[in-house]
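Any value given below was found using the heavy atoms of this structure, including those in side chains, with hydrogens, waters and symmetry copies removed. Chain identifiers are assigned alphabetically (A, B, ...) following the order of the sequence lines, protein sequences preceding nucleic acid strands; residue numbering begins at 1 within each chain.
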Protein chains: 2
Amino acid sequence: MHIPNTFDANCPTRLILDRIADKWTVLALALLMGGPVRFNELRRRIDGVSQKMLSQTLKSLERDGLVSRKATPTVPVTVEYSITPLGATLAATIDGLRVWAECNINDVLAAQKRYDAV
Amino acid sequence: MHIPNTFDANCPTRLILDRIADKWTVLALALLMGGPVRFNELRRRIDGVSQKMLSQTLKSLERDGLVSRKATPTVPVTVEYSITPLGATLAATIDGLRVWAECNINDVLAAQKRYDAV
DNA sequence: CGGGATCCAAGGTGATACTG
DNA sequence: CAGTATCACCTTGGATCCCG
């Protein structure tokens, strides 16, 4: 398996990318790697996400089989989201991105500065 | 370095994600791993990208120091995009995503089918 | 608490036309 | 060939209100 030299509109990569290539998805997945988290807790931990976007994101993740949702009928209701085995394999990959970001953010910012100076 | 339990709005991960978490960026970066490619060639290989979005994407990538642009003043002009060393390290990480997609697309599609059936 | 429904503003995006 | 400029659109996403 090597790099294709073309990306068809519905090749696997595009299909997956169209679903997960947005920050909320990546962030939610990353956080859920640490264990199950409840809705509002997740919302607090992802700075700036609206409840609409978070619920939308989680619903997509659940549909894709990457996250599972467990509601316990307490009063008021308690909902816990956790990562599935499938989701965990993706999250591991995504975590590489997080690590890259932390290691290279300075280089990127420096490049931007240089570019903008011109 | 381990998983944070919070993502601040301007932590490294968010800053990077805000710039690269869209399909065109990821796809362009992946294709450039194979070596320098010219503008229209890139456009042909990324099914469905408009010239506007491609040029916008490439400009961002150049600004971030991930891709370099070399114009040779032939007539008509020839422009070649290639990945930088910094970009290559990111592309390697991103490639993990592509591989994951190819390996797990069927599981994801199956999960979607199951979800939609309910 | 964990959402769904609705409304609305903003800007991302494509189509088209033009240029060096 | 490799873009830029303009415009019109239409989705995205925030704000708000409501409900079980």
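At a threshold of 4.5 Å between non-hydrogen side-chain atoms, the residues B:Arg19 and B:Ser60 count as touching.
Between B:Trp100 and A:Leu90, the shortest heavy-atom distance links the atoms NE1-N, 3.2 Å.
With respect to A:Arg63 and B:Asp116, a salt bridge is recorded, a charged nitrogen being found less than 4.0 Å from a carboxylate O. For the pair A:Lys23 and B:Asp18, the salt-bridge criterion is met [side-chain N within less than 4.0 Å of a carboxylate O]. Salt bridge status for A:Lys59 with A:Glu62: absent, with no side-chain N to carboxylate O gap under 4.0 Å.
When rounded to the nearest whole Å, the span between CD of A:Glu80 and C1' of C:dG2 equals 13 Å. In this entry the distance linking CZ of A:Arg69 with P of C:dG2 reads 10 Å, nearest Å. In this structure, B:Gln51 places its CD atom 12 Å from P of C:dT16, rounding to the nearest Å. Summarising the geometry, the separation between CH2 on B:Trp24 and P on C:dG12 is reported as 16 Å, rounded to the nearest angstrom. Whole-Å rounding puts the A:Gln56 CD to C:dA5 C1' distance at 13 Å. As a whole-Å value, the separation of A:Lys52 NZ from C:dC8 P is 13 Å. Rounded to whole Å, the distance from CG on A:Leu58 to C1' on C:dG2 is 11 Å.
Residues B:Met53 and A:Val77 each lie close to DNA chain C; by heavy-atom proximity, the contact nearer the 5' end of the strand is made by A:Val77. Along DNA chain D, the nucleotide nearest A:Pro76 and the nucleotide nearest A:Asp22 are compared for position; the residue whose nucleotide lies closer to the 5' end is A:Asp22.
OP1 or OP2 of C:dG3 has at least one side-chain nitrogen or oxygen of A:Tyr81 nearer than 4.0 Å.
Within a heavy-atom distance below 4.0 Å of DNA chain C, the residues of residues 35-50 of chain A found are A:Arg38, A:Phe39, A:Asn40.
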B:Ser68/B:Ser82 under side-chain hydrogen bond (donor to acceptor under 3.5 Å, both in side chains): CA gap, chis, key distance, verdict: CA-CA 5 Å; B:Ser68 76; B:Ser82 49; 3.2 Å; yes
Do A:Thr57 and A:Thr25 pass the side-chain hydrogen bond (donor to acceptor under 3.5 Å, both in side chains) test, and can you show the C-alpha distance, the side-chain angles, and the key distance before you say yes or no? CA-CA 6 Å; A:Thr57 299; A:Thr25 299; 4.6 Å; no
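Contact footprint of chain A on DNA chain D: nucleotides with an atom under 4.0 Å from a non-hydrogen protein atom, first to last in 5' to 3' order, D:dG13 to D:dG20.
Evaluation of the side-chain hydrogen bond (donor to acceptor under 3.5 Å, both in side chains) rule for B:Asn106 yields no partner, not counting sequence neighbours.
The distance from the CZ atom of B:Arg14 to the CD1 atom of A:Ile105 is 12.5 Å, given to the nearest 0.5 Å.
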